[in-house]
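Heads up, the thing below is written out as structure tokens.
Labels below follow one simple rule: chain letters A, B, ... track the order of the sequence lines, proteins then strands, and each chain is numbered from 1. No experiment lies behind these values; they were computed from the predicted model shown.
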Protein chains: 2
Amino acid sequence: MNARVVPETGTLLLPQPYLLFLGDTTIAGFAKTAQGLRDWAGDKCVGEFALPAATVSTGLTPMTPAEAVAAGARALVIGVANAGGIIPPAWRPALVEALEAGLDIVSGMHVRLRDVPELAEAADRLGRNLIDIRTPPASIAIGTGRKRSGKRLLTVGTDCALGKKYTALALHRAFVGRGIDATFRATGQTGIMIAGSGMPMDAVVADFEAGAAEMLSPDAPADHWDVIEGQGSILHPGFAAVSLGLLHGSQPDVFVVCHEPGRAEMLGTAGFGVPPVDDIVDLTLRLGRRTNPAIRCGGFSFNTSQLDEAEALALMARESERLGLPVGDPVRQGAGFDALVANCLSA
Amino acid sequence: MNARVVPETGTLLLPQPYLLFLGDTTIAGFAKTAQGLRDWAGDKCVGEFALPAATVSTGLTPMTPAEAVAAGARALVIGVANAGGIIPPAWRPALVEALEAGLDIVSGMHVRLRDVPELAEAADRLGRNLIDIRTPPASIAIGTGRKRSGKRLLTVGTDCALGKKYTALALHRAFVGRGIDATFRATGQTGIMIAGSGMPMDAVVADFEAGAAEMLSPDAPADHWDVIEGQGSILHPGFAAVSLGLLHGSQPDVFVVCHEPGRAEMLGTAGFGVPPVDDIVDLTLRLGRRTNPAIRCGGFSFNTSQLDEAEALALMARESERLGLPVGDPVRQGAGFDALVANCLSA
């Protein structure tokens, strides 16, 4: 049940602020969603709620659902994953407690909240919403390619899971920091929770993929920037359909190529090497020109988490020289990232 | 309700032979599906069934559902469209009569058969299947890009609705006529009805688009050809996601570019010109190499229905000379089409 959509665009709309639910998690990596929400939407999180067995914390104030409601919370967000992608029986009394306290529940898990009978029963009894972010809004139109007003930036990648969301969030933050009127446009589960709205692009029926991206970044004032979270890679053998529909529908003026130096093989494939950034630039220009003839590459965002500082800076300087465009790491920040931001915004 | 899938592949499987239903149609263009079934699957059609008001005929023997069952029919196929894409009240008693006679019902319309209460009630009471071809099978895996055995041909296009299905059917027929072991692989509503199985690629969730195409053309003997019906165009601003997922998942050895000379604007777009065939060849090679490094263009299939014979032959000869590859029209047949078939099969 996705009861709410943004009236202006028809994309998903989440009730905020949030109480972050950590379940009984003892492995920090499983709480990445909660940590991402703390880092990028801290002003929309009133606190955290964990079962006694949990050992992981976001550092936010622990509180019960009733205390969270008193502090203004409107939804509990399931901020943890687990190995099976399910909602284990141990979590269910706590989730029912949240519904009874007056919170909706937001989930990005594969299992539907409504498929858990206790939750469906309690939500219906109490008039609460169970919101599965993987369920797209009901009404999406076919893409038309019509040019929209305002400016758009899209992050693209040489592979999945290497920093397209993080890069878009960091660029958006930098744009706003420079006084630019900008909106982060989310296309995946965690991004949608952070933004409080968005479009789950990987869950949209293929015929409507470009149309969904068109809905996500509607007409805007001429100097407004939409900073759009990319998905997959145009050269990923499994996910390129998502990437191309998102590219055509986003009609970006500028794209930033996200890459992890040293990664050898594409995620979830057998024997597919990660393509060179040059190939992604070239294909994105050729395909992107279809809906925006003025598309250009703003530069590169490298995920250098596997390198030490000196190696990372030397590599980015070399690649920037070779490619003739800025290369930055949004986690390390610094001069390379500043140059990337400036080049994206240059007319 | 899609009760049936091909055990080998998990793609849709339709009960055959068919009784073709023409409703109360008076406009021949609305009966294109029935006419396509007569032309390409005539051996799977026992007859036609029309309401008294209909003036259109396929030329097949008129019969009642009971007569069709006696002649071996297992399903009634809705072979007509209408302006609203709905199942009008006037059709419903005839469809219930078919269920009562022992036929399943197959539909490629936008409306779901089960959403018509009379049909749902009768099917449940009688144990019949209501099969909506736009509903993909439930279980589709993510694409992996793994190379499969056997040979594959994919038709691609400069736009929608200009002959990709017809070309694939004609190439398949020509291959079989030359003693080649070949299978037509259907990706759209009419194609699936003709083949009796297939995958509705435009209705698959985008994340699974390439995986669905992988299911459609499974491992096969080394000298077997799958001839795969293309969808959309890699340069269509609304539908390219479908085209790219189908290209990656089909991993074709050979592709044939379908084009309608003289068509100015892409279907359903405002102001998007039809791209030159050269651009489609180049992009299909670049993107298709990701899952089949040996991909090549076999030639071109032109829809010359708007030209007279002399103009059509002169244009195809000129373009064949310019492009260095065969150009044929599968409706006109003749030397150009024969050369196209031969070049697709050349090692």
Side-chain angles (χ1 to χ4, degrees), chain A residues 134-136 140-147 160 187-188 199-214 231-249 251 265-273 275 279 282-283 286-292, chain B residues 134-136 140-147 160 187-188 199-214 231-249 251 265-273 275 279 282-283 286-292:
Chain A
R134 288 180 192 263
T135 305
I140 302 178
I142 295 285
T144 66
R146 181 184 67 81
K147 185 75 177 73
C160 307
T187 60
M199 182 65 79
M201 290 297 296
D202 60 0
V204 170
V205 166
D207 227 17
F208 299 91
E209 189 70 2
E214 292 183 0
Q231 290 293 330
S233 169
I234 200 78
L235 284 172
H236 192 289
F239 302 128
V242 177
S243 307
L244 182 55
L246 181 55
L247 173 61
H248 276 163
Q251 52 182 227
E265 192 166 282
M266 289 191 109
L267 202 76
T269 68
F272 283 85
D279 284 6
D282 187 50
L283 277 171
R286 290 209 43 191
L287 293 162
R289 278 190 193 118
R290 190 63 182 160
T291 55
N292 190 340
Chain B
R134 288 180 194 264
T135 305
I140 302 177
I142 295 286
T144 66
R146 182 183 67 80
K147 185 76 176 73
C160 306
T187 61
M199 181 65 78
M201 290 298 295
D202 60 0
V204 171
V205 167
D207 226 17
F208 299 91
E209 189 70 1
E214 293 183 0
Q231 290 293 331
S233 169
I234 200 79
L235 283 174
H236 192 289
F239 303 128
V242 176
S243 307
L244 182 55
L246 180 56
L247 173 61
H248 275 162
Q251 52 182 231
E265 192 165 283
M266 290 190 109
L267 202 76
T269 68
F272 282 86
D279 284 6
D282 187 50
L283 276 171
R286 290 209 46 191
L287 293 163
R289 279 192 192 116
R290 189 63 181 160
T291 55
N292 190 341

Throw together a table of side-chain donor-acceptor distances under 3.5 angstrom for residues 201-214 of chain A, partners on residues two or more places apart or in other chains.
{"residue": "A:E214", "atom": "OE1", "partner": "A:T144", "partner atom": "N", "Å": "3.1"}
{"residue": "A:E214", "atom": "OE2", "partner": "A:T144", "partner atom": "N", "Å": "3.1"}
{"residue": "A:E214", "atom": "OE2", "partner": "A:G145", "partner atom": "N", "Å": "2.8"}

Problem set entry | Contact class of B:L246 relative to chain A, heavy atoms under 4.5 angstrom |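 No part of it gets close to chain A.
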
For this session: Between chain B and each of A:Q231, A:R146, A:R286, count heavy-atom pairs under 4.5 Å; write down the option with the most.
Result: A:R286

Exercise. Which one, A:D282, A:T269, A:L247, leads in non-hydrogen pairs under 4.5 Å with chain B?
Worked result: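 The candidate making the most pairs under 4.5 Å is A:D282.
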
Exercise. If we only count heavy atoms from C-beta on, is the A:P237 to B:Q251 side-chain gap below 4.5 Å?
Worked result: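 Answer no - side chains too far apart.
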
For this session: May I ask you to test the B:L244-A:L287 pair for a side-chain heavy-atom distance under 4.5 Å?
Result: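 When only atoms from C-beta onward are counted, A:L287 and B:L244 do not touch, as no gap falls below 4.5 Å.
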
Exercise. Nearest 0.5 Å, what's the CE-CZ distance between B:M266 and A:R290?
Worked result: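 The CZ atom of A:R290 is 5.0 Å from CE of B:M266, to the nearest 0.5 Å.
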
For this session: Would you mind telling me which of B:L235, B:D279, B:T291 has the largest number of heavy-atom pairs within less than 4.5 Å of chain A?
Result: B:L235

Exercise. Considering residues at least two apart in sequence or located in another chain, which fulfil the ring-ring contact (aromatic ring centres under 6.0 Å, His included) criterion with A:H236?
Worked result: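 Listed in chain order: A:F239.
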
